[in-house]
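The structure appears below as structure tokens.
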Amino acid sequence: MTPADAHSHLGQGGAGLFGAVVAVAAPTVVLAYLAAAMRLRRRGDAWPRRRDASFTAGGAALVHAFVGTLPGGPFTAHVVQHLAVAMAAPLLLVLGRPLTLVLRTLPPGPARRGLLAVARSRPAAWLLFPPLAALLDIGGLWLLHRTPLLAATHHRPLLGAAVHAHVLAAGLLFTFTVCRLDPVRHGWSLAWRGATLLGAGWAHGILAKTLCAAPPPGTGFTADDVRTAARLMYYGGDLVEVALATVLAFQWYTATGRALRRRGQRVPGAAGQHAAGAPEGPRQTSRGPARARDGRTVSRRA
């Protein structure tokens, strides 16, 4: 079966509508990102080039998922698209820290204050609640693959476009919530995000196993195609989830190091000297004027 047949079976109309939007929007956003990063460097600010590479790769993965040739049979091609749009591309885009870049390039004014107000608002904090983000992401995938929804997208192009938009948006939301690299109002703890990642990975693995047992309702995929797609979903999802866990582990390591440094800075220098057995200097017996830390002369009472 050709790739064209594969896309046709999965709803060419919906993928075509949303894919056309992505094919135009993704390169435009990537170019805007690179221009903003260049502007930061020209004024002397540091911005790692690895973030440029990550964001560019995420945009390229999105475009290829919709307009490129995908491997395998129709359902395998669908799973490849799912892994790229819902998992790999969101991770690459979020690692680029786009919100931080926008905030650093916007001049002080209404636009910057408005963006900060939205990012730190109470509705945004609850939308970024890890279990809710996981429910929107993984729950949507279960609904797509364990109900007749996937088969319905073949006959309803607008429904197919809406499904693709939801998969991308939910994947971005979940990845943004778990990584928490950009400034938001309420950063949920590593425990919340780590537990949510474990639960989402478990649910994604169970979904892959159910697909190996039975294809999505209303579809006519071959048994070999379904088994290949299910294995790809299972192991491909594991790879992305390990990458997310690595981000969390690095954040834990960094936070622990900062806490240890702060704890060490709280020990006064004089106390450290006494503890080490350093000799105490002579007492000052003068009752004349002395200088405070800010340089002002103060009187010392007898």
Side-chain angles (χ1 to χ4, degrees), residues 17-18 20-63 85-87 89-137 139-140 161-190 192-193 196 244 247-248 251 254-255 258:
L17 289 173
F18 190 71
V21 174
V22 170
V24 175
T28 303
V29 173
V30 168
L31 289 176
Y33 179 100
L34 296 177
M38 186 181 300
R39 180 182 174 186
L40 276 185
R41 297 189 185 100
R42 283 179 177 175
R43 74 184 190 192
D45 292 350
W47 189 259
R49 295 190 181 276
R50 65 177 181 272
R51 296 178 184 172
D52 298 4
S54 179
F55 196 86
T56 302
L62 275 181
V63 173
V85 174
M87 304 186 76
L91 176 60
L92 292 169
L93 293 172
V94 168
L95 289 178
R97 302 184 66 172
L99 179 58
T100 300
L101 178 63
V102 172
L103 290 173
R104 288 182 60 179
T105 53
L106 281 177
R112 190 175 189 276
R113 289 195 299 269
L115 182 58
L116 271 174
V118 172
R120 297 175 178 175
S121 64
R122 190 175 298 276
W126 284 111
L127 185 62
L128 296 174
F129 180 50
L132 176 60
L135 179 63
L136 293 174
D137 185 26
V163 167
H164 283 101
H166 171 83
V167 168
L168 175 59
L172 285 169
L173 177 65
F174 176 74
T175 307
F176 186 92
T177 302
V178 170
C179 292
R180 205 202 69 182
L181 297 174
D182 288 304
V184 292
R185 171 191 169 103
H186 182 81
W188 297 96
S189 67
L190 279 169
W192 271 108
R193 293 181 286 136
T196 301
L244 286 170
V247 174
L248 291 181
Q251 290 179 347
T254 304
R258 289 174 180 171

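Heavy atoms only: backbone and side chains are in, while hydrogens, waters and symmetry mates are out.
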statement: Value for CZ (R43) from CZ (R104), rounded to nearest 0.5 Å, stands at 7.0 Å
statement: Distance col, row F176:CZ vs L127:CG, nearest 0.5 angstrom, shows 10.0 Å
- line: What one should report as the nearest heavy-atom pair of V63 and A23 is CG2-CA, 4.4 Å
- prompt: Just by modelled atom types, is the R51 backbone N or O under 3.5 Å from a matching donor or acceptor in the R97 side chain?
  reply: no
task: State whether the side chain of T105 and the backbone N or O of V102 hold a donor-acceptor pair below 3.5 Å, judged by distance alone.
output: yes
message: Run V94 and V178 through side chain to side chain contact (heavy atoms under 4.5 Å, CB included) and show every step you take.
response: CA-CA 10 Å; V94 168; V178 170; over 6 Å; no
task: Check whether any side-chain heavy atom of V22 sits under 4.5 Å from a side-chain heavy atom of V85, and report yes or no.
output: no
Heavy-atom closest contact (R193 atom, P130 atom, distance): CG-CG, 4.0 Å
- request: Take Q251 and R180 through the side chain to side chain donor-acceptor pair (under 3.5 Å) test and state the conclusion after the steps.
  value: CA-CA 10 Å; Q251 290 179 347; R180 205 202 69 182; 5.6 Å; no
- request: Please confirm whether the backbone N or O of W192 pairs with a side-chain atom of T196, one donor and one acceptor, at under 3.5 Å?
  value: yes
field: Inter-residue atom distance D182.CG - L101.CG, 0.5 Å rounding
entry: 9.5 Å
field: Heavy-atom side-chain proximity of W47 to T100 below 4.5 angstrom
entry: yes
statement: d(F174 CZ, L91 CG) to nearest 0.5 Å is 10.5 Å
- request: Drop me the distance from R112's CZ to L115's CG, to the nearest 0.5 angstrom.
  value: 8.5 Å
statement: On a heavy-atom basis, the closest approach of A119 and A124 is O-CB, 3.9 Å
Taking every non-hydrogen atom, the tightest pair across L95 and S54: CB-OG, 3.4 Å
message: Within a 6.0 Å radius of atom CZ on R41, are there more than 12 heavy atoms belonging to other residues, nucleotides or ligands?
response: yes
query: Does the side chain of L62 reach to within under 4.5 Å of the side chain of L93, using non-hydrogen atoms?
result: yes
query: Does some side-chain heavy atom of W126 sit less than 4.5 Å from a side-chain heavy atom of L132?
result: no
message: Measuring only between side-chain heavy atoms, which start at C-beta, is L244 closer than 4.5 Å to C179?
response: yes
field: Non-hydrogen atoms of F55 and P98 that approach each other most closely
entry: CE1-CB, 3.9 Å
query: So, do D137 and L173 sit near enough that their side-chain heavy atoms are less than 4.5 Å apart?
result: no
query: Quick one: does F18's side chain get under 4.5 Å of V167's, heavy atoms only?
result: no
- line: Nearest heavy-atom contact between A26 and G59 is CB-O, 4.1 Å
